[in-house]
Every structure is written in structure tokens, then in C-alpha cells.
Amino acid sequence: MSQTKWPDYSWNAWDEGSQHYCVGGNVFPGYYAPPILDLRPVLEPLLETLQEYDGRRCQLEEHGGEIDDLAGITEVLTQKVTIKGWGRDQQVSLANQVALQQALFQASNYTVYLDIRQQENRMPLYYLCRTHHDYWGEYSLIVEDYHLSPRYPLLDERFAKFMHFGHEVYYLRLSPFRKAAAAILAPGHFASSRALDHLLYTAGRNVFQAAWHEDQRLAVVVANHFGLTHFRQAIELLYLCLSGELCDLRRAVNDQLLRFFGEVYPQPAIQAFLRQLPRLEGSIINDLPQQALKLYPRLSRAFSDFLEKEVAWGRQQARVPLYKIIYGNFSRLGFIVSELQEKLNLQEEKETLENESQAIIDDLLSLV
């Protein structure tokens, strides 16, 4: 076995020059076949079928149709699709979910996941993506999207919920950043799939695993709909300091990661923190979680004050706290936010929350 010096990859890597394969730092000769990352040619027949199905379904749902249209959808769902596997090609259909999942696992070395959800009208919705299981983190990662059906339920754009070993778990959705990340790695040129995966994994493993959490869902949705940018930045920075592996993160900081949080996922608070982190002494890094823990109640109180704002709402124009309106319309918040902002004077409350959020960010960054 070769003793070649390899970079500190957190997952498997293939070196084209030496034709060697690295697994967890161990180097294996070229006969150890690496998993295929450019799977679009393999998946192309399936992608065409999914697009045809979604086109017919959307046409029927939006404009109506006849029995023949339903028959056409059934035909698409049952038609055979060829999936090229490692050993042999397999003929599967969208209607046979078990066989389809098995074919995808075999063709992709268990990296492609197909999630199927049923609408109230019993029509299926599909999400086909490539995943990476992060065994050291709380969440696994989605690193590339292949197909996402219109109306597929993503209640939080940061997460998708998939079945894993018999129960549903959250996956971090880093796939929306893939195209923008390519511009960082190779401006004006082709960025390899492995390099893109490695950058997304570095950001996910070291930053997003801590900065994003499902219990932030209410605050993040409110921040997005009401334009509370400093508030969302403060949430992510505090969570990063509270639960992140800051020593590991310090070693992972490089120009690509800094550009990622400046251009791909603009987050000025985290970017400023990452710029200062490599210069910090160990004693300061060890003290950061406690300092963030002291600042967290301030942000929580500021958000609670925002939600407690009483507003006149409904036909009776009764005075109700804002949180009741948000909770009661959470699944359709995007439809009522414009009405809330037009009819209610929330500018002062928004500015108060934003100013307190920025003050918390400044206080935390002053410690580093």
C-alpha cells in the first residue's frame, strides 16, 4: 500500500494522476472503483419521465382535463425506464417504487435518494437528489438536486425530511448552492463534481450543521417573510458559537469558505467571525459558547417582544397578538405578510428587533 501524503479529506477522494483511491486517509490502488458522481447520463431516462409526468400533472391540476388525460398520466407512471447499474441494466417504472429505489441505489452506490410524497388529490410528487451521510454530524447532506416536483412540500428551504432506517430524519439542503459554488472554484470554467462536493461538505460539516437547526423554523420563516436580515444572521451566528466544533472550524477556514459566505450564501456575521477565528487563542475559543449562551436570551426576548405586538385583525378588528396571526396562518404566511405590512404599522417593531440583533452580533464579534 502506498504511503502517499493525502489532503485531509473528510470523505472519499479519487486522484486522477496517481489513479489511486483514498478512503478516510488510506490509499488504495486503482482497481478499487470510486463511486460515480456524474450521474445525470445514468438518470437521464428517469429525469425525462419525471418531467413528462409533472408537466401532465400540472396541466391537469391547473386547467382541468378529461379521462384521456388521466389515462396519459397513468401511462407515464407505468412506462418502463432503463437504469444503468453496475452489473446490469434494469427496467423499472415510477409505479413500482421498491424496484425503482433498488435500481437507483445500485446505480449510484447508495448516494441517490428518491423521495415520494402524495398530494391530497393522490397524485405523487417526487424529489430526486444525491445525498451524503455525515456520520459525525446531526444531519446528513443533500449535495445535488436532479428533480424537484412543483408543489413538493418543503416547509423550510433549508431542510428536507426523508425516511432513513425506518423513520423520518432531516437532511440539510446544500444543493441550491451548487451552481454558485462552481463559480468560486473555477470562474468561467468547469468545476469538477468532486471539488463541488468537497466545498459543500466543508461548509455543511463545519458551519451549517451548527448554524441551522429545525427548532429555528418559526424564527427563520418570520425573518424571511418580514425581511429581518440581521435577526436571521444573529440566529445563525449564535447557534454556530453555541454548538459548533470551533477548533475543527478554525482548521477548515480558507479563502473558498470565506468566499462561500460572502458570495454563495451571503452571511456577513458568519463571514466576519470566520475571518477572525484562525487568529484566536484556544482560551478565547473555549469561552465563546458561554458568551453566546449569555447573549441568546437577549435575542429570544427581542423576538418575543416582536411577536407580542398587538394588532387589529379580522372583520371585527379585534386586538390580537401578532404571534396568533402567524401561528394560525403559518402554512400560508407568504399570502398574508403583504397585507400585514400594508395595514399594520410594524416598522417600529421590525427596526427594534433588527437593531437589537445587530447589537448582539457586534457584542459577540467584539469578543473575538
Side-chain angles (χ1 to χ4, degrees), residues 1-2 6-50 81-94 96-116 126-137 139-148 160-175 177-178 181-182 190-205:
M1 184 176 292
S2 170
W6 283 81
D8 183 21
Y9 285 109
S10 299
W11 58 357
N12 302 341
W14 172 255
D15 181 67
E16 296 290 348
S18 65
Q19 293 293 298
H20 285 162
Y21 188 53
C22 178
V23 183
N26 297 316
V27 181
F28 294 88
Y31 60 77
Y32 190 98
I36 298 174
L37 292 186
D38 186 11
L39 290 166
R40 288 191 179 274
V42 176
L43 300 174
E44 191 62 35
L46 177 60
L47 295 177
E48 291 177 356
T49 302
L50 288 170
V81 178
T82 301
I83 303 293
K84 296 183 179 296
W86 284 97
R88 60 183 177 84
D89 296 350
Q90 299 190 56
Q91 297 287 325
V92 295
S93 68
L94 293 177
N96 191 340
Q97 297 180 16
V98 175
L100 177 58
Q101 294 281 16
Q102 290 176 348
L104 289 172
F105 286 151
Q106 292 176 13
S108 67
N109 199 20
Y110 291 86
T111 61
V112 166
Y113 192 96
L114 177 64
D115 189 57
I116 306 172
Y126 297 93
Y127 185 13
L128 182 65
C129 58
R130 186 160 55 84
T131 64
H132 172 68
H133 291 288
D134 186 351
Y135 298 100
W136 293 273
Y139 305 107
S140 291
L141 313 175
I142 299 173
V143 294
E144 187 170 9
D145 286 346
Y146 296 118
H147 182 84
L148 182 64
K161 211 172 186 181
F162 294 156
M163 290 297 297
H164 184 63
F165 290 112
H167 62 279
E168 285 191 320
V169 296
Y170 284 101
Y171 281 66
L172 294 182
R173 286 191 71 234
L174 304 186
S175 47
F177 308 138
R178 192 173 186 86
F190 175 77
S192 74
S193 186
R194 291 192 181 279
L196 281 170
D197 282 359
H198 186 63
L199 176 56
L200 292 176
Y201 178 80
T202 301
R205 173 72 184 91

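Contact detail for Ser175 and Tyr127: the closest heavy-atom pair is OG-OH, 3.7 Å. Scanning both residues, Leu39 and Ser108, for their nearest heavy atoms gives CD1-CB, 3.7 Å. When all heavy atoms of Gly204 and Leu174 are compared, the pair lying nearest together is CA-CD1, 3.6 Å. Residues Tyr170 and Tyr139 come closest through the heavy atom pair O-CD2, 3.6 Å.
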- prompt: Hey, mind stepping through Ser193 and Arg130 against side chain to side chain contact (heavy atoms under 4.5 Å, CB included) and telling me if it holds?
  reply: CA-CA 12 Å; Ser193 186; Arg130 186 160 55 84; 3.5 Å; yes
- request: Might you work through the side chain to side chain contact (heavy atoms under 4.5 Å, CB included) test for Asp134 and Leu172, ending with a clear yes or no?
  value: CA-CA 10 Å; Asp134 186 351; Leu172 294 182; over 6 Å; no
message: Pair Leu94, Tyr126 - check side chain to side chain contact (heavy atoms under 4.5 Å, CB included), show working.
response: CA-CA 10 Å; Leu94 293 177; Tyr126 297 93; 3.8 Å; yes
task: Before giving the answer on side chain to side chain contact (heavy atoms under 4.5 Å, CB included), spell out for Arg205 and His132 the whole-Å C-alpha distance, their side-chain angles and the decisive distance to 0.1 Å.
output: CA-CA 11 Å; Arg205 173 72 184 91; His132 172 68; over 6 Å; no
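Listed by chain and number, the residues in a side-chain contact (heavy atoms from CB on, under 4.5 Å) with Gln102 are Val98 (sequence neighbours excluded).
To the nearest 0.5 angstrom, Leu114 atom CG is 9.0 Å from His147 atom NE2. A distance of 11.5 Å separates CG of Leu196 from NE2 of His198, quoted to the nearest 0.5 Å. If you take CG on Leu43 and OG1 on Thr49, they are separated by 11.5 Å, rounding to the nearest 0.5 Å. For the atom pair Leu141 CG and Tyr201 OH, the distance stands at 7.0 Å (nearest 0.5 Å). From Arg40, atom CZ reaches atom CD of Glu44 across 8.0 Å, with rounding to the nearest 0.5 Å. Considering CG of Asn109 and CG of Leu104, their distance stands at 13.0 Å, rounded to 0.5 Å.
In this structure, the side chain of Arg178 engages the main chain of Val143 through a donor-acceptor pair within 3.5 Å. Between the side chain of Thr131 and the main chain of Ile142, no donor-acceptor pair closer than 3.5 Å is present.
Partner of Leu46 under the side-chain contact (heavy atoms from CB on, under 4.5 Å) criterion, out of Thr82, Val92, Val112, Ile83: Ile83 alone.
By the 30° and 60° cut-offs, the orientation of the rings of Phe105 relative to Tyr110 is parallel. Ring planes of Tyr171 and Tyr113: tilted class, angle from 30 to 60°.
The residues Arg173 and Asp145 are annotated as salt-bridged, a charged nitrogen and a carboxylate oxygen being separated by less than 4.0 angstrom.
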